[in-house]
Amino acid sequence: MNPVESPQVHLVLRAHAPSPARLGVVYQPLPGRVAKTVLSLALFWGVCPWVVWLPPHYPWPVLSFCTGSYLAYRFWTGRYAVRWFAGECPRCRRHLRIRAGARITLPHTLTCFGCHFEPTLEPYELAREEEIAADARGIRHVLADCAGSWHEARQWDQEWIACDRCGARHHATAALRAAAADENERGRLLGELAEEGRFLT
Ligand SMILES: [Zn+2]
Ligand SMILES: [Zn+2]
């Protein structure tokens, strides 16, 4: 039995800030998956010519063909068996579910029953997130000219930097923290200057 792994994952949806997720999975080694795939095909497809003799004849071969295909597909693609999962829809914040025992690969697409969008559960690397979140103009907001300020948030053991105005959210890496602090400081200075200007005129 393989140990339960907990890969770093988050939920993403186009044009929305990523949202936190926690996942516990058991890796299913390739030889076992191949064996189960072959076995389900051999068994269910193999009985097709025989079950056709049972009345009412036609449903049985179709049924065993489909069952064999379905099981083979599940065993072949299910790289991980899910032990536990918790995640929030990036769009409507509703809790998403993957039932324990389900077999998935990553990235894995889920359906949100709150907003009917399909967020994707995917692994991430902090270094890569840093590149996405920061460009030449600094740490990225959802709206280009957003003047909101950044604060730190923590959920399910993941640390985030979030904008209080546009809802942008990034993983809190050292470089992004520094960029966010920088931007907050610049915002504060601009605010002070504006305030002084108001008194001068
Ligand atoms: Zn949703
Ligand atoms: Zn913002």
Side-chain angles (χ1 to χ4, degrees), residues 6-25 77-78 80 82-198:
S6 180
Q8 277 193 316
V9 287
H10 62 187
L11 283 152
V12 291
L13 183 66
R14 255 181 79 95
H16 291 83
S19 70
R22 301 283 286 153
L23 178 69
V25 287
T77 56
Y80 300 103
V82 175
R83 283 286 172 274
W84 43 265
F85 167 76
E88 263 180 13
C89 174
R91 188 165 187 272
C92 68
R93 291 294 155 85
R94 193 182 158 117
H95 279 241
L96 299 172
R97 282 177 177 284
I98 304 177
R99 84 189 153 69
R103 285 168 186 264
I104 62 166
T105 34
L106 291 174
H108 174 73
T109 302
L110 296 93
T111 301
C112 170
F113 293 104
C115 63
H116 300 284
F117 275 69
E118 295 195 327
T120 302
L121 181 68
E122 61 167 38
Y124 66 86
E125 280 167 37
L126 287 178
R128 191 78 196 88
E129 290 301 306
E130 207 161 68
E131 278 169 29
I132 299 169
D135 52 23
R137 283 168 298 134
I139 184 167
R140 191 176 296 169
H141 290 263
V142 172
L143 307 166
D145 54 354
C146 173
S149 59
W150 298 100
H151 62 271
E152 296 211 9
R154 188 185 171 87
Q155 188 172 355
W156 297 336
D157 255 4
Q158 293 181 353
E159 294 184 358
W160 302 80
I161 301 171
C163 171
D164 54 11
R165 199 166 301 177
C166 69
R169 183 166 36 183
H170 305 295
H171 293 281
T173 66
L176 287 180
R177 269 204 187 102
D182 238 33
E183 199 180 292
N184 283 351
E185 179 65 12
R186 226 176 315 137
R188 194 181 61 79
L189 286 176
L190 278 177
E192 273 177 16
L193 283 178
E195 195 68 2
E196 275 174 30
R198 194 161 62 84

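Positions are given from 1, in the same order as the sequence printed here. Both counts, for ligands and for their atoms, begin at 1 and track the order of listing. This is a predicted model, so every value here is computed, not measured.
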Between Glu159 and Glu152 (side chain of the first, backbone of the second, donor and acceptor by atom type, cut-off under 3.5 Å), is there such a pair?
no
Calculate, to the nearest 0.5 Å, the distance between atoms SG and CD belonging to Cys146 and Glu183 respectively.
8.0 Å
Metal site the Zn ion (ligand 1): N/O/S of Cys89 inside 2.8 Å
yes
For Glu118 and Thr109, does a side-chain donor sit closer than 3.5 Å to a side-chain acceptor?
no
Pairs in or reaching into residues 153-198: which pass ring pair (Phe, Tyr, Trp, His ring centres under 6.0 Å), with residues at least two apart or in two chains?
His10-His171, His95-Trp156, Tyr124-His171, Trp150-His170, Trp160-His171
Angle subtended at the Zn ion (ligand 1) by SG of Cys115 and SG of Cys92, to 10 degrees?
120°
At a cut-off of 2.8 Å, what protein N/O/S atoms sit near the Zn ion (ligand 2)?
His141 ND1, Cys146 SG, Cys163 SG, Cys166 SG
Shortest non-hydrogen pair, Leu96 vs Thr111, comes out as CD2-O, 4.3 Å
Walk me through whether Thr77 and Ile104 qualify under side-chain contact (heavy atoms from CB on, under 4.5 Å).
CA-CA 7 Å; Thr77 56; Ile104 62 166; over 6 Å; no
To the nearest 0.5 angstrom, please state how far the OG atom of Ser19 sits from the CG atom of Leu13.
9.0 Å
